[in-house]
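Pasting a structure below so you can have a look.
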Amino acid sequence: MPDWDGLLREKLVGLSLAAGERREVMAELAGHLEETFEELRQQGLTQEAATERALSEVKDWRSLRRKIQNARRKEDVMTDRVKQVWLPGFLTLFLSVVLLMVNEIIGIKLGINPLIVSAHGSGLKAPVAVIYVPWLVSLLLIGAIGAYLAGRAGASQRATLLSIMFPVLPHSVFLAIWIPVSLILGEHISHNTMPSALLMGLVGWVVLPGAALLAGGLPVQLLRSRRAASA
C-alpha cells in the first residue's frame with residue numbers, strides 16, 4: 001500500500017497551513033488518492049502503475065498548493081468576520097430592540113412617558129422626536145458588550161466600531177437614502193416629508209443612540225488596546 005502521507009508531503013512541500021488544517025487537508029487528499037488507486041488496481045494495474053496514475057491526476061501540484069492555501073485563507077477571513085463583526089453586531093442589535101420594547105411596555109404600565117422633543121415646521125403638526133431616556137442609558141451597556149465581544153475575537157478598531165454602532169445602522173441607511181430622495185423629489189411625493197421631521201428622526205434614532213453606544217463601547221475598546229500594548 002502506498003504511503004500517501006509521505007507522497008503528499010513531498011508533492012506539497014511548503015504548504016503553509018496550521019497543523020490541524022494541514023492534517024485535515026492531507027487526510028482528504030489521501031482518501032481521494034486511495035479511492036483512485038483501488039479503482040485502478042481493480043482494472044488490473046500494478047501497484048506502481050496505479051500509484052503513478054493516481055498521482056498524475058493532479059497536473060500541477062504547485063497550483064494545487066496555492067489553491068488550497070487561498071481557499072483556507074478565505075475561510076479564515078470569513079470565520080473571523082463572523083466572529084468579529086456579525087455575531088457582536090447582531091447581538092447588540094437584538095439587545096437594543098428587545099430593551100426598547102421592554103422600555104415601552106414598562107413605561108406604559110408605570111406611566112413613565114418618554115421625552116418628547118418637537119421642532120417647528122410647516123403644516124398642521126410640528127414634527128417630534130420620541131426619546132426613551134432609559135433605553136438610551138441601556139445602550140451604554142450594549143455598546144460595551146459589542147466592543148468587548150469584538151475585541152475578544154481579535155477585531156480591528158474599524159470592525160470593533162462597526163460592532164458598537166450596529167444597532168443604529170438600519171436607521172442610518174434608511175435616512176441616508178430617504179433624506180436626499182425627499183429633498184430632490186419632495187414635490188412629486190404624495191406624502192411629502194418635512195425636512196425638519198427627517199432631522200428629528202436622524203437625531204432621535206441615529207445621533208443620540210449612536211452617541212450612547214459610543215460612550216459605552218469606546219472606553220472598553222480603549223482599555224483593551226492599552227492592555228494589548230502593555231502585554
Side-chain angles (χ1 to χ4, degrees), residues 78-121 123-182 191 193-227:
M78 290 302 297
T79 301
D80 291 342
R81 189 170 298 170
V82 169
K83 293 188 297 184
Q84 296 172 359
V85 177
W86 296 114
L87 286 180
F90 278 111
L91 177 60
T92 56
L93 176 60
F94 173 76
L95 290 175
S96 67
V97 172
V98 170
L99 290 179
L100 178 59
M101 294 172 59
V102 171
N103 184 83
E104 292 177 341
I105 294 172
I106 294 179
I108 293 174
K109 290 184 177 181
L110 298 180
I112 302 175
N113 296 321
L115 179 64
I116 307 296
V117 180
S118 62
H120 297 291
L124 298 177
K125 295 182 179 180
V128 298
V130 181
I131 300 174
Y132 297 92
V133 177
W135 178 64
L136 290 178
V137 174
S138 69
L139 291 181
L140 295 171
L141 177 60
I142 293 176
I145 292 174
Y148 172 76
L149 293 177
R152 190 179 65 174
S156 63
Q157 291 186 356
R158 180 183 297 181
T160 302
L161 181 62
L162 182 59
S163 298
I164 295 172
M165 298 296 292
F166 210 89
V168 300
L169 290 184
H171 289 98
S172 301
V173 173
F174 170 77
L175 290 172
I177 296 173
W178 184 246
I179 287 177
V181 169
S182 64
H191 300 285
T193 304
M194 289 182 291
S196 54
L198 294 174
L199 178 61
M200 297 301 290
L202 179 65
V203 171
W205 293 106
V206 176
V207 176
L208 292 180
L213 290 166
L214 287 174
L218 289 182
V220 175
Q221 183 184 10
L222 180 61
L223 180 60
R224 292 188 64 88
S225 299
R226 288 182 176 178
R227 287 182 177 178

Check against side chain to side chain contact (heavy atoms under 4.5 Å, CB included), Leu87 and Leu149:
CA-CA 8 Å; Leu87 286 180; Leu149 293 177; over 6 Å; no

Working to the nearest 0.5 Å, report the span between CG of Leu223 and CG of Leu218.
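Rounded to the nearest 0.5 Å, the CG-CG separation comes to 12.5 Å.
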
Which heavy-atom pair separates Ala153 from Lys83 by the least distance, and what is that distance?
CB-O, 3.6 Å

Gap separating the CG atom of Leu161 from the CZ atom of Arg158, nearest 0.5 angstrom
9.5 Å

Kindly indicate whether the side chain of Gln221, heavy atoms from C-beta on, has any atom under 4.5 Å from the side chain of Tyr148.
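In short, these two side chains do not touch, never coming nearer than 4.5 Å.
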
On a heavy-atom basis, which atom in Gly146 and which in Thr92 lie closest, and how many Å separate them?
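Answer, listing the atom of Gly146 first, then Thr92: CA-CG2, 3.5 Å.
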
Test side chain to side chain contact (heavy atoms under 4.5 Å, CB included) on Met165 and Val168 and set out the steps.
CA-CA 6 Å; Met165 298 296 292; Val168 300; 3.7 Å; yes

Minimum heavy-atom separation for Pro167 and Pro170, please, with both atom names.
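Taking Pro167 first and Pro170 second, the nearest heavy atoms are O-CD, 3.6 Å.
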
Roughly how far apart are Leu222 CG and Gln157 CD, rounded to 0.5 Å?
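Atom-to-atom, Leu222:CG and Gln157:CD are 9.5 Å apart.
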
What pair of heavy atoms forms the shortest contact from Leu100 to Trp205, and how long is it?
CD2-CZ3, 3.8 Å

Side chains of Leu169 and Leu162, heavy atoms from C-beta outward: is any pair under 4.5 Å?
yes

Backbone N/O of Gln84 and side chain of Ser163: donor-acceptor pair under 3.5 Å
yes

Provide the closest heavy-atom pair for Leu175 versus Leu202 in the form atom of the first, atom of the second, distance.
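Heavy atoms only, the tightest pair is CD1-CA, 3.5 Å.
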
Should Trp86 and Phe166 be marked as a side chain to side chain contact (heavy atoms under 4.5 Å, CB included) after you check the CA-CA gap, both sets of side-chain angles, and the distance that decides it?
CA-CA 9 Å; Trp86 296 114; Phe166 210 89; 3.7 Å; yes

Going by atom type alone, with no hydrogens or angles, which donor-acceptor pairs under 3.5 Å involve a side-chain atom of residues 133-143 and a protein atom two or more places apart or on another chain?
unit_1 : atom_1 : unit_2 : atom_2 : d
Trp135 : NE1    : Ser96  : O      : 2.9
Ser138 : OG     : Trp135 : O      : 2.6

